[in-house]
Trainee: 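There's a structure below that I have some questions on.
These numbers come from the heavy atoms of this one structure, side chains and all, not from hydrogens, waters or symmetry mates. Note on naming: letters A, B, ... go to the chains in the order of the sequence lines (proteins, then strands), and numbering restarts at 1 for each one.
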Amino acid sequence: MPAYPILEYLWIIPLLPLLGSAINGLLGSKWPNKYATTAAISSTGLSFLCALEAVREFFANGQQLVHKQYFDWIVAGNFRGGFDLQMDQLTVVMVLVVTGVGWLIHIYSVGYMGHEGGYYRFFSYLNLFMFFMLILVLAANYALLFVGWEGVGLSSYLLIGFYFLRKSASDAGKKAFIVNRIGDFGFMLGMFLLFRTFHTLDFRAIFDAAANPAWGHEAWGQFGTFTVACLLLFMGATGKSAQLPLYVWLPDAMEGPTPVSALIHAATMVTAGVYVVARSHILFVHSETAMVVVAVVGCATAFFAATIGLVQTDIKRVLAYSTVSQLGYMFLACGVGAFGAGIFHLMTHAFFKALLFLAAGSVIHAIGGEQDMNKMGGLWKKIPWTFWTMLTATLAIAGIFPLAGFFSKDQILLGAYQISGGKPLYAVGLLTALLTAFYMFRLIFLTFTGKPRFDEHKAHVHESPWSMLGPLVALAILSVIGGWVAAPALFQGRDYFADFLAPIFGTQENAEVLGAASAHTLELTLAFVAVIAAAIGIGVAYWMYLAKPGKADELAKSMKPAYTTLLNKYYVDEFYAAAVVRPLVWLSTNVFWKAADVAGIDGTVNAIAQGATSIGDGVRHSQSGNTRSYAVWVVVGAIVILAVIFFWPSASKTAVGMVR
Amino acid sequence: MTAQLVVFFALAALAVIGAVSLILQKHPIHSALSLIVVMVALAGLYLLMGAEFVAAVQIIVYGGAIMVLFVFVIMLLNAGVEEHTSISKMAGIPGLLLVVALAGFVAATIAKSGASVQAATQTGMLSSTKGISEMVFKDFVYPFELTSFLILVAILGATVLAQREKS
Amino acid sequence: MISLLSANAELIITIVKIALLLFIVLTVNAYLTWFERKVVAHMQSRWGPHRVGPHGLLQPLADGVKFLFKEDPTPAGVDKFVYYLAPLLALSLALTSIAIIPFGPEPLHLFGHDIYLGIAPLNLNIGILALFAITALGVYGVALAGWSSNSKYPLLGGLRSSAQMVSYELALTMSVVGVLLMAGSFNLRDIINAQASHPERGLLGWNVWPQILGFFCFFTAAVAETNRVPFDLPEAESELVAGFHTEYASFKFAMFFIAEYTSMITVSCLCTIMFFGGWLSPFPASWTFTHYVPSLILIPAGLWVIWDGLRYETVFGRMVLPGVGSVITLLGALFVALPDVNNFIQGPFWLLSKILGFLFVYVWMRGTLPRFRYDQLMAFGWKLLLPVSIVNVIITSFVILMWGKK
Amino acid sequence: MIPTNYYVILSAILFGLGVFAFIFRRNIITIFMSIELMLNAVNLAFVAFSQALGKLDGQVFVLFVIVVAAAEAAVGLGIIILIARNRQTLNVERVDLLKL
């Protein structure tokens with residue numbers, strides 16, 4: 001029994017969900033639901049406990065990096081892709097988020113999926129996702145990380161297409177998968193480049209190598225190795241984390257069951273990109289260009305998605321776009337070098353966005369599968385728990401003091417404001433915050449207040465069972481207090497979260513930029529401004545949807561083109577279809593299928609076969625059926641061989657060589 | 001002309017005559033008899049070379065078993081004189097040419113391979129049955145076992161072939 | 001002349017030996033017929049031949065003359081060549097097989113040459129194999145005779161004999177493997193000497209005790225090989241008239257006849273040599289007084305013959321039998337008188353007496369046993385003899401492997 | 001002492017005669033016998049070489065050849081009996097179902 005058992009056997013943490021997945025996947029079909037439930041919940045719960053224990057040991061161990069090599073997965077030449085797990089501060093945050101939120105969502109799913117078919121299948125997939133996500137965050141090298149990366153992609157595909165009988169669902173699954181492939185392609189190129197540069201894929205080795213200033217300009221320069229590698233990695237991140245231009249799959253991914261949206265497409269998987277960028281921040285900080293790109297893309301995505309979110313009427317789609325925009329925030333943070341803030345926002349966002357989705361799920365569950373906000377309203381009296389928890393989350397995401405969202409968003413804006421030339425980024429970020437507050441409250445008002453717009457008789461509204469409300473409450477609490485670890489910073493205190501991550505990201509830059517005191521005043525002002533912006537957004541929403549209902553429609557009519565554009569999400573999907581999909585379909589149909597496959601490959605094979613047949617037909621005539629003719633042929637062959645032996649200078653020696 | 005050489009030529013002539021008569025005889029049983037003559041002559045040659053064991057086995061197995069089977073089958077089927085057909089008349093000449101070519105090439109190859117073979121004369125000292133048995137049961141034990149399997153298969157096959165299908 | 005003789009004395013000696021052996025064997029054959037008829041007759045409480053000469057002793061001569069002067073018709077439509085070849089083949093092969101048998105241990109010293117009893121050279125390493133080779137060819141005589149007679153009974157006889165001989169040859173060969181393993185040689189002399197490895201054991205050292213299974217298999221198979229009762233299906237008179245030699249008359253028939261009896265003798269020799277210690281005396285070697293056993297048998301026998309002749313009614317008998325008797329008695333006395341001769345004849349004496357015993361067993365079986373049915377014959381050969389003899393081989397080799405060569 | 005050549009030439013001649021018999025004769029049984037003749041010729045060569053080289057391998061091979069020949073005879077004669085039974089002929093030229 002080693003001193004720190006779990007740290008010693010880190011693989012236990014990901015293994016448990018895999019076990020649950022295997023059990024459910026292999027035996028679940030024969031089982032009643034409650035066994036599947038037990039397997040899934042217990043496995044994830046256990047892995048959550050193990051994670052907690054691991055964290056305890058991590059602290060007890062003096063917060064030093066744990067790196068374990070368990071076995072060699074691929075060994076080729078000087079390449080070693082090992083099954084290596086590591087644990088440091090960043091991993092701690094991620095693991096806790098994944099296992100904790102994941103476990104809550106598992107519990108929620110028990111209630112939510114209770115009446116669905118393929119119950120065991122759902123949990124098998126969900127546990128599989130947990131396994132791969134944990135592999136992703138625990139991996140100690142890019143190769144293994146990529147395994148988790150692809151694995152979560154797979155599980156997300158499986159879960160989006162969970163209702164595979166619905167064409168839209170399976171299409172959405174395929175879309176997500178394919179779009180992710182584009183990003184992953186870049187990611188793999190990035191990995192190859194890294195390997196070519198550093199001759200390894202282990203994090204520690206690469207970062208140590210990258211940190212040393214020996215690298216010349218060609219490496220750090222505008223189009224140096226690092227820049228290219230970072231951009232390629234970031235391409236993967238945009239795919240996985242739904243950033244411009246690859247964000248299109250995420251809204252469609254809402255076809256999956258709501259818990260899936262909550263777990264995968266809000267809390268954990270989509271943040272993998274952020275995690276990767278943060279994980280390889282040493283590379284990024286060495287490449288100005290990459291940083292700028294990340295910041296701009298993140299910022300643009302945030303604003304862009306927020307604008308689309310303004311007009312969506314499908315409750316889950318609104319949340320999806322808000323997720324995209326929040327992810328944009330995180331990348332903005334990374335781009336401006338405030339990695340700590342990015343991860344911080346990642347965590348808080350995991351709390352409140354998961355909560356939002358679950359609450360939305362609860363709403364949908366309550367009124368019988370309806371997702372259009374225009375057919376809701378006045379629900380708050382009927383489902384108070386859902387309402388209050390969701391309101392909490394909304395406040396949190398809107399960045400109202402003192403909820404979790406406030407602190408994280410505040411840090412991001414601060415980081416954006418402080419870097420040179422970051423003002424425009426800050427402005428857009430602020431505007432986005434305003435928009436966020438607006439559309440989130442629009443969602444609240446449309447859903448819970450006003451007069452019911454749905455058929456009372458058909459849909460008998462009911463509060464969700466406790467198995468669903470429990471996680472809601474837990475997450476609500478988290479999204480209230482989740483940010484307080486950074487709270488003291490406002491009052492000249494210490495930012496515990498930043499300090500905790502400091503060993504990885506280094507301390508926040510603002511301290512160096514200008515004096516601590518001025519930095520503090522600046523921080524306060526910025527926070528104040530942000531809150532004001534949020535308040536404005538809320539106010540507008542109140543004015544448009546409560547005070548004067550119908551004002552929204554007037555507005556929509558008055559500025560028709562903009563409205564329709566937004567409603568159609570800037571026609572991005574259509575654009576992609578025209579620019580990418582159709583040409584590809586044409587190419588593969590006419591060139592690869594008809595020309596290459598049918599004409600080329602099949603043609604060759606068939607030709608060979610027919611050739612053989614015709615030859616056989618020809619030779620067949622030599623079979624006279626007379627035994628002695630065969631004998632004659634044999635003799636002729638023998639004579640030929642003997643002739644060769646005889647006239648071949650060396651052959652005679654070899655043939656009769658046995659005599660010697 | 002040593003005595004051995006005389007014996008050799010006598011036996012060789014006997015063998016060749018037997019082979020020729022195998023070809024020329026009209027009735028299969030006469031062919032069989034001629035073949036037996038050939039085999040006995042060959043056994044004599046083996047003895048001359050000093051390969052006593054092989055000679056004995058040659059007569060016991062070939063003469064005493066295989067050829068008896070042939071004679072038995074000929075008697076059983078009451079095989080008569082074979083009739084001529086157009087093809088068979090034609091077959092003679094080209095067949096002869098082919099055979100001459102074959103034998104010629106063999107002889108030529110041996111002759112060309114030259115001194116080594118001619119020099120290697122028959123010592124006749126190599127007659128150890130023990131040595132053969134050791135080779136069979138040590139060096140060639142796996143082939144030996146395989147041949148036992150072969151024989152088993154042959155027995156089964158012969159049984160299956162010989163039994164009349166029960167109706 | 002002398003020089004020529006001395007030049008290739010070996011050759012001359014061999015020729016002489018052959019002539020002698022031929023004479024002896026043929027005579028023994030002739031009197032074997034008499035012996036057989038007498039014994040069977042007494043078994044069936046008849047007198048048997050007793051007209052021609054005293055006790056019918058001249059019957060064989062009479063038969064020979066009859067064979068010689070009988071008409072010899074050749075059936076129509078027979079394949080002449082084969083028809084004439086078959087009996088020759090049978091007889092010559094049968095006689096040849098005798099040549100392998102050694103009849104005595106020590107050489108006879110004459111004119112400065114060591115003359116061994118038996119024709120084959122001493123170091124005939126494949127003795128037993130050669131014997132089997134010759135007996136294996138023996139089948140052709142019968143089969144070809146049956147086929148060439150161009151008649152259905154002989155054909156059936158030939159088919160039967162060929163099938164039967166091929167079948168029983170397997171058992172015959174397998175059953176002696178045990179003996180060969182114990183002797184470690186194919187040479188007949190070595191086989192006999194191997195049984196003499198413990199002189200004090202006397203007849204307990206013979207192969208028949210360890211190889212009892214092998215002996216029975218061998219003897220049965222050998223009887224079948226010689227087409228004798230109860231395996232005489234090729235000439236089963238109740239089914240096939242006279243089997244393969246139905247169409248043969250006079251001297252050709254006699255050839256088959258002689259061939260059959262000769263092969264009987266050969267088989268008896270083989271049994272004696274391989275299982276009953278050949279020329280070894282049944283008594284421990286130290287009992288030198290047993291060397292007088294021959295005389296002890298010969299002298300009383302001779303005296304009895306004299307007495308028997310004296311009270312014979314015909315004049316011829318009164319003259320012949322005492323003569324023969326006195327010759328026998330003198331031989332016995334001679335042996336007593338000349339110890340060297342006595343020692344020399346010990347081997348041949350025991351060998352011949354054992355052979356005589358086996359010949360008697362042959363006749364005995366003919367007098368007692370009924371004939372097999374054909375399917376019984378085949379089943380017996382393939383399903384009993386062959387497996388048993390193989391088991392015998394396995395056991396023997398196992399024992400030799402475990403407890404070494406005895 | 002006799003040169004190995006003689007034996008080899010003799011075996012070549014016998015083999016050739018066997019081949020010729022195979023081609024020339026029409027009776028299945030005779031053809032089969034000619035095969036045996038060829039095998040015997042090969043055996044002769046084997047023994048000759050083994051004696052010439054002072055190695056016993058050749059003679060062992062001969063034993064194997066004989067075994068194979070025995071098995072072949074058993075099966076082949078069985079087949080011949082079947083042919084004679086089914087087609088009432090032993091002439092190979094009448095057994096040509098394979099002919100087009």
Trainee: Chain B: which of C:Ala133, C:Ser148, C:Ala136 shares the most heavy-atom pairs with it under 4.5 Å?
Mentor: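 Answer, by heavy-atom pair count under 4.5 Å with chain B: C:Ala133.
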Trainee: What part of B:Ile36 is in contact with chain C, defined as an atom under 4.5 angstrom from a non-hydrogen atom: side chain, backbone, both or neither?
Mentor: side chain
Trainee: According to the interplanar angle, ranging from 0 to 90°, do the rings of B:Phe53 and C:Phe186 count as parallel (below 30°), tilted (30 to 60°) or perpendicular (above 60°)?
Mentor: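 Ring orientation, 0 to 90° scale: parallel.
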Trainee: Between C:Asn207 (side chain) and C:Met274 (backbone), is there a donor-acceptor pair under 3.5 Å?
Mentor: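 A pair under 3.5 Å: yes.
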Trainee: Report the option among C:Val82, C:Leu144, C:Thr135 that has the most heavy-atom pairs separated by less than 4.5 Å from atoms of chain B.
Mentor: C:Leu144
Trainee: Between chain C and each of B:Leu33, B:Ile59, B:Ile60, B:Leu69, count heavy-atom pairs under 4.5 Å; write down the option with the most.
Mentor: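 Highest number of pairs under 4.5 Å: B:Ile60.
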Trainee: In terms of heavy-atom pairs under 4.5 Å, which option from C:Asp79, C:Val139, C:Leu170 contacts chain B the most?
Mentor: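 The option with the most such pairs is C:Asp79.
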Trainee: Is it true that atom CZ of C:Phe219 has more than 12 heavy atoms of other residues, nucleotides or ligands lying nearer than 6.0 Å?
Mentor: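 Yes.
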Trainee: Counting only heavy atoms closer than 4.5 Å, note whether C:Leu85 contacts chain B via side chain, backbone, both or neither.
Mentor: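 For C:Leu85, the contact with chain B is made by the side chain alone.
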Trainee: With a 4.5 angstrom heavy-atom cut-off, is it the side chain or the backbone of B:Val71 that approaches chain C, or both, or neither?
Mentor: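 B:Val71 touches chain C through side-chain heavy atoms alone.
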Trainee: So C:Phe231 and C:Phe372, would you call those rings parallel, tilted or perpendicular, with 30° and 60° as cut-offs?
Mentor: parallel
Trainee: Would B:Ser34 and B:Ser21 count as having a side-chain donor-acceptor pair, cut-off 3.5 Å?
Mentor: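 A donor-acceptor contact under 3.5 Å links the two side chains.
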Trainee: Using a cut-off of under 4.5 Å for heavy-atom pairs, which of B:Val57, B:Val40, B:Val61, B:Val68 has the most such pairs with chain C?
Mentor: B:Val68
Trainee: Just how far is it from atom CD of B:Gln58 to atom OH of B:Tyr46, taken to the nearest 0.5 Å?
Mentor: 4.5 Å
